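Computed from a prediction, not measured in an experiment: that's the story for all the values here.
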Amino acid sequence: MRLVIGLLLGLALLAGLVVFWLQRENADAPDPVGDDIGVAAIPVMIDSPWWGESDRLVDVDGVMTRVRIDGPDDAPVLVMVHGFSHSLESWDAWAADLSADYRVVRMDLPGHGLTGPDPQSRYSVPQTVEFLDQLMAELDIPEATLVGNSLGGLASWRLAVAHPDRVNRLVLLAPGGYSINGVTEEPVAVPMPVRFYLTQAPQPVIHAATQALFGDAARMPEGMSDRVYALMQGDGVGEAMIERLEVFTLPEPSADLARIDVPTLILWGEADRVVPPSLGPLMAATIPQAQLITYPGLGHVVHEEAPDQTVADMRAFLAAQ
């Protein structure tokens with residue numbers, strides 16, 4: 001069972017929490033999005049316990065994307081990108097703090113959360129980068145600080161390379177980049193146990209995999225694995241995650257990392273069992289304006305395991321730029 005979970009986490013840059021595919025229905029609701037961001041928001045709600053008052057659907061090239069925006073209309077913008085099998089709830093603790101001073105924009109990536117599957121199955125890393133670029137365009141965000149964990153970190157720094165005008169700073173939490181578990185410029189076949197996990201795993205297996213994201217399982221938020229289990233039952237969600245794994249690649253990144261031309265903060269748990277923490281110093285040495293902070297005893301989701309400590313480091317970085 002450890003092997004199954006390890007394969008899933010490593011291949012997918014797993015970061016916890018996902019998806020409940022739900023019935024969509026028209027409803028009247030106040031528009032929580034300010035005048036400067038969210039012009040493309042669609043006045044539709046999703047009947048879900050995870051749909052928030054600050055949520056809206058945004059049509060991003062045919063993908064009806066759940067977006068949550070909090071904070072002052074005229075504040076600097078932070079765009080937060082979750083990891084594989086995650087959803088925007090990954091950032092709840094950070095958003096609660098940072099939205100006092102920043103415009104915090106979160107989304108569920110295609111095939112995740114309440115966004116659900118992409119009708120065109122566009123799940124490769126380059127396609128995810130283009131999705132983020134188009135989402136920012138739809139929301140009329142010229143540039144922002146990109147904040148990403150795991151897969152979200154990979155997509156964030158690659159956006160800074162592909163569209164440098166979009167990104168003024170980067171905050172990367174255990175980001176993907178270097179080859180792990182045999183994944184290179186070519187995808188690795190998705191093992192049957194991983195396919196089973198993503199579509200049919202019982203709650204105890206989901207619970208164990210969620211615990212594996214933490215350096216200390218006791219620090220996992222109460223009820224988190226139950227929510228993960230419930231969300232993974234959504235219509236088409238598990239299949240979409242399998243499709244993403246089938247096209248997931250990690251080409252040698254050094255030349256692209258060296259092209260990043262914005263201040264970059266890298267945060268990494270020293271007990272990360274998903275993406276090796278030994279890659280942190282290598283990445284920090286390759287990105288020209290990077291600084292690295294590591295955390296003894298923390299795992300793959302440092303923003304969830306130690307939100308107060310990590311958000312303080314994030315704030316110090318933002319204030320210094």
Side-chain angles (χ1 to χ4, degrees), residues 1-17 81-86 90 125 128 146-158 160-161 170-191 193-194 197 208-217 219-220 241 244-245 247-258 260 264-288 290-306 309-310 313-314:
M1 184 57 66
R2 289 184 179 178
L3 176 60
V4 172
I5 293 170
L7 284 169
L8 173 68
L9 296 175
L11 283 170
L13 305 175
L14 184 62
L17 297 176
V81 190
H82 62 77
F84 177 83
S85 83
H86 231 345
S90 168
V125 174
T128 302
L146 267 289
V147 183
N149 172 231
S150 201
L151 171 65
L154 171 62
S156 295
W157 74 255
R158 286 216 166 270
V161 174
L170 282 170
V171 179
L172 307 175
L173 294 76
Y178 296 97
S179 175
I180 58 172
N181 295 317
V183 181
T184 60
E185 67 275 2
E186 296 294 333
V188 170
V190 182
V194 174
Y197 173 88
T210 306
Q211 285 184 319
L213 298 173
F214 293 80
D216 181 353
R219 290 193 286 259
M220 184 175 73
M241 288 190 283
R244 185 177 286 275
L245 292 184
V247 296
F248 182 69
T249 58
L250 290 170
E252 212 294 316
S254 298
D256 286 335
L257 289 170
I260 296 173
T264 301
L265 175 65
I266 303 171
L267 307 179
W268 220 301
E270 295 178 12
D272 191 338
R273 294 187 287 270
V274 180
V275 184
S278 59
L279 297 176
L282 178 59
M283 183 171 285
T286 307
I287 299 174
Q291 65 180 92
L292 171 67
I293 301 175
T294 64
Y295 302 96
L298 297 189
H300 189 57
V301 288
V302 297
H303 57 303
E304 297 186 85
E305 189 166 4
Q309 181 181 7
T310 54
D313 290 331
M314 160 81 155

Exercise: identify the closest heavy-atom pair between [X] and [Y]:
X	Y	result
A284	L292	CB-CB, 3.8 Å
L298	A306	CD1-CB, 3.6 Å
D216	E305	N-OE2, 3.0 Å
P175	V275	O-CG1, 4.0 Å
G177	P253	O-CG, 3.6 Å
Y197	A209	OH-CB, 3.1 Å

Using the test side-chain hydrogen bond (donor to acceptor under 3.5 Å, both in side chains), find all partners of [X] that sit at least two apart in sequence or belong to another chain.
X	answer
E270	T294
E252	S254
T264	none

Does the side chain of [Y] come within less than 4.5 Å of [X]'s, by heavy atoms?
X	Y	result
F248	P187	no
I266	M283	yes
F84	V274	no
V147	S156	no
I260	L257	yes
V81	L146	yes
W157	D256	yes

Without hydrogens or angle criteria, can the side chains of E304 and H86 be said to hold a donor-acceptor pair below 3.5 Å?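 H86 and E304 do have a side-chain donor-acceptor pair below 3.5 Å.
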
Does any donor atom in the side chain of R244 or T128 lie under 3.5 Å from an acceptor atom in the other side chain? yes

To the nearest 0.5 Å, what is the distance between [atom1] on [X] and [atom2] on [Y]?
X	Y	atom1	atom2	value
H303	H82	NE2	NE2	10.5 Å
L170	L265	CG	CG	10.0 Å
T184	Y178	OG1	OH	15.5 Å

For P288, all residues meeting side-chain contact (heavy atoms from CB on, under 4.5 Å), sequence neighbours excluded: none

Name all residues meeting the side-chain contact (heavy atoms from CB on, under 4.5 Å) criterion together with S278; count only those two or more places apart in sequence or in a different chain, and write none if there are none.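 So S278 forms a side-chain contact (heavy atoms from CB on, under 4.5 Å) with P276.
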
Hey, is the main chain of L173 close enough, under 3.5 Å, to the side chain of N149 for a donor-acceptor pair? yes

With sequence neighbours excluded, residues passing salt bridge (charged side-chain N to carboxylate O under 4.0 Å, His left out) with D313: none

Sole candidate of T310, L267, V302 that passes side chain to side chain contact (heavy atoms under 4.5 Å, CB included) when paired with I293: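 The passing option is L267.
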
